[in-house]
**Q** 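Below are the structure tokens for one structure; questions will follow.
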Amino acid sequence: MTVTCPECGGALKKFEVGSIIKFGCHIGHSYTAEIMAGAQFEEMEKVMRAAVRFLNERRICLQMADHTRSAEHAPPPTGTPSRQALDRAYKLRDLVEQNWLTPESVRRVASASNGSAPLAE
């Protein structure tokens, strides 16, 4: 499985610098494993929020098309694609708004449980 760069979408190569694992793309973007995990999370969240927006826009466009058809006395479409788009937008929005475990949140919990201060971010 190929891992892609969150900035440019290019394929990443994994390499080690001493004991540090890094990822780099052909453009020159480079990430440590921890920074890569955070960048991937941010990109995933951005894409999921865009999908919610697209589903909402699809619902609105389908409703406008239904309204146009009813004004032209055309037969109503079978099923309810606008309702389906809205249902999917709600499900995806609920998923996006859940409390996700991120490298930062795991590190904070681990630091709190052993009594030390969290690492600087």
Side-chain angles (χ1 to χ4, degrees):
M1 175 187 234
T2 302
V3 178
T4 58
C5 178
E7 288 188 58
C8 69
L12 291 173
K13 275 185 145 178
K14 178 181 166 184
F15 57 96
E16 293 183 32
V17 178
S19 63
I20 298 172
I21 295 174
K22 292 186 96 175
F23 297 90
C25 72
H26 67 284
I27 298 284
H29 301 125
S30 181
Y31 305 90
T32 62
E34 188 172 313
I35 297 298
M36 179 65 187
Q40 283 178 327
F41 178 81
E42 287 175 16
E43 184 64 18
M44 176 194 65
E45 193 171 51
K46 183 172 85 175
V47 168
M48 289 172 57
R49 288 189 187 283
V52 170
R53 188 179 75 248
F54 292 137
L55 285 166
N56 281 321
E57 290 172 3
R58 175 172 169 72
R59 175 187 56 88
I60 292 166
C61 290
L62 289 165
Q63 286 174 339
M64 290 187 316
D66 287 347
H67 178 72
T68 301
R69 273 193 293 275
S70 67
E72 296 169 351
H73 305 293
T78 57
T80 56
S82 63
R83 183 67 200 168
Q84 182 187 53
L86 183 61
D87 289 344
R88 289 180 180 179
Y90 284 149
K91 288 176 186 174
L92 188 54
R93 187 196 63 207
D94 290 345
L95 181 64
V96 171
E97 291 177 353
Q98 288 179 5
N99 289 325
W100 290 76
L101 288 177
T102 63
E104 296 80 17
S105 64
V106 170
R107 190 172 59 233
R108 280 188 209 108
V109 169
S111 296
S113 68
N114 69 19
S116 64
L119 300 172
E121 300 191 25

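Index from 1, following the sequence. This structure is a prediction, so every number in the text was calculated from the model and none was measured.
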**Q** Go through the structure and list residues passing salt bridge (charged side-chain N to carboxylate O under 4.0 Å, His left out) with E43, not counting sequence neighbours.
**A**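 Partners of E43 under the salt bridge (charged side-chain N to carboxylate O under 4.0 Å, His left out) test: K46.
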**Q** Work out which heavy atom in N56 is nearest to a heavy atom in A89; give both atom names and the distance.
**A**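 Minimum heavy-atom contact is OD1-CB, 3.7 Å.
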**Q** To the nearest 0.5 Å, what is the distance between OG1 on T32 and CD1 on I21?
**A**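 CD1 of I21 is found 10.0 Å from OG1 of T32.
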**Q** Just verifying a value: how many Å separate M44 CE and M48 CE, rounded to the nearest 0.5 Å?
**A**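 Taking CE in M44 and CE in M48, the distance rounds to 5.5 Å.
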**Q** Which heavy atom in T2 sits nearest to a heavy atom in A11, and how many Å separate them?
**A**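 The pair with the smallest heavy-atom distance is CG2-CB, 3.8 Å.
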**Q** Determine whether more than 12 heavy atoms belonging to other residues, nucleotides or ligands lie under 6.0 Å from atom CZ of R88.
**A**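 No, not enclosed.
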**Q** Please determine whether side-chain contact (heavy atoms from CB on, under 4.5 Å) holds for the pair R49 and E45, giving the CA-CA distance in whole Å, both sets of side-chain angles, and the decisive distance to 0.1 Å.
**A** CA-CA 6 Å; R49 288 189 187 283; E45 193 171 51; 3.9 Å; yes
**Q** Do P6 and E42 make a side-chain contact, defined as non-hydrogen atoms from C-beta onward lying under 4.5 Å apart?
**A**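 They are not in side-chain contact.
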**Q** Which atom pair, heavy atoms only, marks the closest approach of L92 to V52?
**A**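 Minimum heavy-atom contact is CG-CG2, 3.7 Å.
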**Q** Would you say the side chain of L12 lies within less than 4.5 Å of the side chain of M36, judging by non-hydrogen atoms?
**A**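 Sidechains of L12 and M36: in contact.
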**Q** Measure the CD-CZ distance between Q40 and F23 for me, rounded to the nearest 0.5 Å.
**A**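 Q40 atom CD to F23 atom CZ measures 7.5 Å (nearest 0.5 Å).
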**Q** If the condition is side chain to side chain contact (heavy atoms under 4.5 Å, CB included), which residues does S30 pass it with, not counting sequence neighbours?
**A**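 Expected list: F15, K22.
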**Q** Got a second to check how far R59's CZ is from Y90's OH, nearest 0.5 Å?
**A**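 The OH atom of Y90 is 6.5 Å from CZ of R59, to the nearest 0.5 Å.
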